[in-house]
Amino acid sequence: MNSIKDIIELLNTNNKIKLFDILSNLGKRIELNNTEKSILKKEIEKFLNSESEILREVSLRVLGFYWALPEYKDIAIKIFNKDSDDDVRATALMSWSNLQRNTNNLSSISFLKKLVEDKSLSPFIRLEAYSNIFVISNLHPSSWPKTNIDFKHIDEEIDWKLIDEILKEAEK
């Protein structure tokens with residue numbers, strides 16, 4: 001993958017596995033400048049509405065997480081609210097939170113806490129919300145609690161006291 005033209009051509013394949021690989025590489029392995037990202041984001045955006053969950057997930061991961069393009073913050077939360085696939089929804093939360101990294105935004109942290117508390121949600125989504133509280137907070141990563149919690153023990157292992165402390169700090 002050398003030129004933007006070559007990348008755009010590769011993105012026009014109908015092979016989902018190849019598309020996944022190309023999109024993943026765009027996010028993780030290929031260095032692009034802002035102009036190149038601007039050109040490619042329009043090509044990648046079309047996959048946000050794909051019938052394929054893996055293409056929706058990886059395209060959002062590229063735009064909102066790897067490239068951290070601010071214009072995808074609102075799109076990410078809309079995708080979280082409307083998509084039925086938990087992997088896509090988790091990536092949407094991750095991207096949305098990444099675009100607010102270390103802002104200590106009270107309303108965003110409060111929203112994530114409500115998701116963590118919502119037992120009607122899958123444990124996967126609840127734990128993704130829990131992890132992302134720390135991303136948005138100004139808590140140093142070395143102070144983050146473990147987040148690889150067993151789904152069966154989610155309510156016992158979540159550090160509810162720490163979440164409340166983070167919320168109090170965000171109110172300041």
Side-chain angles (χ1 to χ4, degrees), residues 7-8 11 16-17 19-118 120-141 144-149 151 154 158 163 166-167 170:
I7 294 170
I8 292 171
L11 289 172
K16 291 178 189 174
I17 304 301
L19 276 171
F20 178 84
D21 288 342
I22 293 163
L23 290 166
S24 293
N25 285 331
L26 281 175
K28 293 192 272 187
R29 293 184 179 88
I30 299 173
E31 290 294 322
L32 299 168
N33 62 41
N34 289 337
T35 303
E36 292 167 328
K37 288 178 184 177
S38 181
I39 293 166
L40 286 173
K41 76 179 180 181
K42 303 219 183 311
E43 297 295 322
I44 296 170
E45 252 179 23
K46 63 186 174 190
F47 298 111
L48 293 174
N49 297 309
S50 173
E51 289 182 16
S52 166
E53 299 88 11
I54 64 168
L55 295 181
R56 292 194 310 272
E57 187 272 332
V58 73
S59 60
L60 183 57
R61 185 179 296 267
V62 170
L63 298 168
F65 185 75
Y66 294 135
W67 292 358
L69 299 174
E71 61 266 36
Y72 290 94
K73 179 182 160 216
D74 291 340
I75 292 169
I77 204 65
K78 285 177 188 170
I79 290 171
F80 171 78
N81 286 322
K82 76 172 181 125
D83 206 289
S84 60
D85 183 82
D86 273 354
D87 288 328
V88 176
R89 296 183 80 214
T91 298
L93 270 185
M94 179 183 67
S95 297
W96 179 76
S97 299
N98 183 56
L99 291 164
Q100 302 179 76
R101 184 173 292 279
N102 298 319
T103 61
N104 217 29
N105 182 287
L106 177 60
S107 64
S108 296
I109 294 169
S110 297
F111 170 73
L112 290 171
K113 182 184 180 191
K114 286 178 185 164
L115 295 179
V116 174
E117 294 170 331
D118 187 346
S120 72
L121 294 173
S122 73
F124 180 57
I125 294 297
R126 292 178 68 203
L127 285 177
E128 187 65 36
Y130 180 59
S131 297
N132 283 295
I133 286 172
F134 308 112
V135 171
I136 294 174
S137 79
N138 61 8
L139 189 65
H140 192 275
W144 294 4
K146 79 172 190 153
T147 56
N148 59 338
I149 294 171
F151 287 171
I154 186 171
I158 284 175
I163 294 173
I166 288 169
L167 280 168

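- In this view, Lys42 satisfies the side chain to side chain donor-acceptor pair (under 3.5 Å) rule with no residue, not counting sequence neighbours.
- For the atom pair Ser95 OG and Arg61 CZ, the distance stands at 7.5 Å (nearest 0.5 Å).
- Smallest separation of non-hydrogen atoms from Ser97 and Leu112: OG-CD1, 3.9 Å.
- Of the possible polar contacts, one joining the Asn104 side chain to the Asn138 backbone as a donor-acceptor pair under 3.5 Å is found.
- In this structure, Leu60 CG and Asp83 CG are separated by 9.0 Å, a value rounded to the nearest 0.5 Å.
- For the side chain to side chain donor-acceptor pair (under 3.5 Å) test, residues two or more places apart in sequence or in another chain that qualify with Ser122 are Asp86.
- Across all non-hydrogen atoms, the minimal contact from Ile79 to Ala92 is CG2-CB, 4.1 Å.
- Taking every heavy atom of both residues into account, Val58 and Ser24 meet most closely at CG2-OG, 3.5 Å.
- Under the 3.5 Å distance criterion, the side-chain polar atoms of Glu43 are left unmatched by any main-chain donor or acceptor of Leu40.
- Comment: Asp85 does not engage Arg56 in a salt bridge, judged by the lack of any side-chain N to carboxylate O separation of less than 4.0 angstrom.
- The shortest distance between side-chain heavy atoms of Ser110 and Leu167 falls below 4.5 Å.
- Applying the salt bridge (charged side-chain N to carboxylate O under 4.0 Å, His left out) definition to pairs two or more places apart or across chains, those involving residues 125-135 are Arg126-Asp155.
- Of all heavy-atom pairs between Thr147 and Ser131, the closest is CB-OG, 3.3 Å.
- Sparse packing is recorded around NZ of Lys78, with 12 or fewer heavy atoms of other residues, nucleotides or ligands lying under 6.0 Å away.
- Counting heavy atoms from C-beta outward, Leu115 and Tyr130 have side chains that stay 4.5 Å or more apart.
- Legend: residues meeting side-chain contact (heavy atoms from CB on, under 4.5 Å) with Ile39, ordered by chain and number and at least two apart, are Ile4, Ile8, Thr35.
- Here Lys28 pairs with nothing under the salt bridge (Lys or Arg N to Asp or Glu O under 4.0 Å) rule; sequence neighbours left out.
- Residues passing the ring-ring contact (aromatic ring centres under 6.0 Å, His included) test with Phe20, sequence neighbours excluded: none.
- Put simply, the side chain of Leu48 does not reach to within 4.5 Å of the side chain of Leu55, judged on heavy atoms.
- The side chain to side chain donor-acceptor pair (under 3.5 Å) check on Ser120 picks up Asp118, with sequence neighbours excluded.
- In this structure, the side-chain contact (heavy atoms from CB on, under 4.5 Å) partners of Gln100, at least two apart in sequence or on a different chain, are Lys73, Trp96, Thr103, Asn105, Ser108, Ile136.
- Checked against salt bridge (Lys or Arg N to Asp or Glu O under 4.0 Å), Lys114 has no partners two or more places apart in sequence or in another chain.
- Of all heavy-atom pairs between Leu127 and Ile149, the closest is CD1-O, 3.4 Å.
- Partners of Glu71 by salt bridge (Lys or Arg N to Asp or Glu O under 4.0 Å), not counting sequence neighbours, listed by chain and number: Lys41.
- Interatomic distance, NZ of Lys113 versus CD1 of Ile163, reported as 6.5 Å (0.5 Å rounding).
- Annotation: the span from Leu99 atom CG to Asp74 atom CG amounts to 9.5 Å, rounded to 0.5 Å.
- Among residue pairs with one or both ends in residues 43-89, none qualify as ring pair (Phe, Tyr, Trp, His ring centres under 6.0 Å); sequence neighbours excluded.
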For this session: Take Ile54 and Leu19, measure what side chain to side chain contact (heavy atoms under 4.5 Å, CB included) needs, and give me the verdict at the end.
Result: CA-CA 10 Å; Ile54 64 168; Leu19 276 171; over 6 Å; no

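- Separation of atoms CG (Asn132) and CG (Asn98) is listed at 8.5 Å; rounding is to 0.5 Å.
- Looking at heavy atoms from C-beta onward, Ile7 lies in side-chain contact with Leu11 at the 4.5 angstrom threshold.
- In this structure, Leu121 CG and Ile154 CD1 are separated by 9.5 Å, a value rounded to the nearest 0.5 Å.
- Taking each heavy atom of Asp87 and Glu57 in turn, the nearest pair found is O-CG, 3.7 Å.
- Asn81 contributes a side-chain N or O that, together with a main-chain N or O of Ile77, makes up a donor-acceptor pair within less than 3.5 Å.
- Residues passing the salt bridge (Lys or Arg N to Asp or Glu O under 4.0 Å) test with Lys16, sequence neighbours excluded: none.
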